[in-house]
Amino acid sequence: MKYIAQVSALLCFLVVAACGQVKTAGKLPDDELSKPVAVKSGTSVTIRYIANEGVLIASADKQVLIDGLHREYKPAYLFPPPEMQAVLENAHTPYDKINLVLVSHMHLDHFHPVSIGQYVKSNSRAMFASSQQVVDDVAKNFPDYEKIRSRIKPVTHEWKKSSEINQDGIKVTFLGLRHSGERFKDIQNLGHVIEIGGKKFLHIGDADMTVENFSSFGIAAKGIDVALIPYWFLMSKEGRAFVKEQFNPKAIIAVHIPPADAAEVIAQLKTDLPEAVAFTKQLEERSY
């Protein structure tokens, strides 16, 4: 579709423009850092916002963390501040019960190799699964890699192909997606359909917004309950139509929102897609 290609090119420009340095969140209070995830009575699953595209997805007895273990870098989107990094990476409460850690791709606003390595070392129950690129980066940069190697699963990334794992009753379908932007064409970007607590969650990393990138997976027919979508997909009429046609989720959460642009993005979503939620405040939660 010609309009999709045009919109994709425009959005790639917006993504690059948004990557300039932005202000970061203030210090998080200690009682907030240790607060349990609120899995409410009668609600299957709660999503807690960590930073950027990072979320913790928790049912009553299972937890998945995706794109939540990264550190400050320049330029930067929202990242876990040092006090939050310490709690996360050392698997302190409430992050000591995570079953599965996932990473969409190796860019530093989604992943840090030492953060991943330290978490897996600190939580002996956790498994880690991601692309070979990400796994290789952890192997290269985390000194104690051999101690955690048995709990790391490389996932083959092949464009337009999928694979599955089942870890502790959590089913994950990995989607071989192309990263947005020609300069990132060699980045192995994995999408995820995560089935936990009787719900299905879609996370697409920084996928290119084209029909060709998604059509082979038939995502719209999978019954997605919640789609975590980079905000730039939702800023145009064409992008919103694309999300509906390709994903057809029951609920949408916008992620990857730079703090400096948060007010503007929230205002536009209230006008154009009022049913969507925008994750901008660290540790905020939504239950489904």
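The first residue in the sequence is number 1, and the count goes up from there. Quick caveat, the model's predicted, so the values are computed rather than measured.
Phe201 has its side chain out of reach of Val64: every pair of non-hydrogen atoms, C-beta onward, lies at least 4.5 Å apart. Two residues are said to be in side-chain contact when any heavy atoms from C-beta on lie closer than 4.5 Å; Phe214 and Ile204 meet this criterion. Contact of the Met106 side chain with the Gln188 side chain is not registered, since no non-hydrogen atoms from C-beta on lie closer than 4.5 Å. Side-chain contact between Leu175 and Ile219 is present, with heavy atoms from C-beta onward closer than 4.5 Å.
Atom-to-atom distance recorded for His179:NE2 and Leu190:CG is 11.5 Å, nearest 0.5 angstrom. From Leu234, atom CG reaches atom CG of Leu269 across 6.0 Å, with rounding to the nearest 0.5 Å. Considering CD1 of Ile170 and CD of Gln167, their distance stands at 7.0 Å, rounded to 0.5 Å. For the atom pair CD (Gln246) and CG (Asn248), the distance works out to 10.5 Å, reported to the nearest 0.5 Å. We find the CD1-CZ distance between Ile116 and Phe142 to be 10.5 Å, quoted to the nearest 0.5 Å. Remark: Phe247 CZ to Ile252 CD1 distance equals 9.5 Å, nearest 0.5 Å.
Looking at Asp67, its side chain never comes within 3.5 Å of a backbone N or O of Glu53 through a donor-acceptor pair. Using modelled atom types, one side-chain atom of Thr46 and one backbone atom of Ala38 make a donor-acceptor pair closer than 3.5 Å. Side-chain atoms of His157 never come within 3.5 Å of backbone atoms of Arg178 as a donor-acceptor pair (strictly under, hydrogens ignored). Formation of a donor-acceptor pair under 3.5 Å by the Lys62 side chain with backbone atoms of Asp168 is found in this model. Asn123 contributes no side-chain N or O that, together with a main-chain N or O of Tyr119, makes up a donor-acceptor pair within less than 3.5 Å. Formation of a donor-acceptor pair under 3.5 Å by the Ser130 side chain with backbone atoms of Val103 is found in this model.
Between Val37 and Ala58, the shortest heavy-atom distance links the atoms CG1-CB, 3.9 Å. Scanning both residues, Phe111 and Val138, for their nearest heavy atoms gives CE1-CG2, 3.7 Å. Counting all heavy atoms, side chain and backbone alike, Leu78 lies closest to Ala51 at O-CB, 3.5 Å. Closest heavy-atom contact between Glu32 and Leu283: O-CD1, 3.5 Å. Residues Ser104 and His192 approach most closely at CA-CE1, 3.9 Å, considering heavy atoms. In terms of heavy atoms, Tyr77 sits closest to Pro258 at CE2-CG, 3.1 Å.
Asp225 has no carboxylate O lying under 4.0 Å from a charged side-chain N of Lys200, or vice versa, which leaves the two without a salt bridge.
In the hydrophobic clustering of this structure, Leu28 groups with Val87; members are Ile, Leu, Val, Met, Phe, Trp, Tyr whose side-chain heavy atoms approach within less than 4.5 Å, directly or through other members. Connection of Val255 to Tyr288 is established within a shared hydrophobic cluster, with ILVMFWY side chains joined at heavy-atom distances below 4.5 Å, either directly or through further cluster members.
Classification of the His105-His110 ring pair by plane angle, with boundaries at 30° and 60°, yields tilted.
Checked against the 6.0 Å centroid threshold, Phe79 and Tyr73 do not count as a close aromatic pair.
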Query raised in the report: Does the side-chain contact (heavy atoms from CB on, under 4.5 Å) test come out yes or no for Tyr49 and Ile253, once each step is laid out?
Result: CA-CA 10 Å; Tyr49 183 49; Ile253 298 177; over 6 Å; no
Report task. Test Glu285 against Lys35 for salt bridge (charged side-chain N to carboxylate O under 4.0 Å, His left out), laying out the working first. Result -> CA-CA 11 Å; Glu285 296 178 352; Lys35 183 175 68 174; 5.4 Å; no
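Open room surrounds CZ on Arg149; 12 or fewer heavy atoms of other groups in view lie less than 6.0 Å from it.
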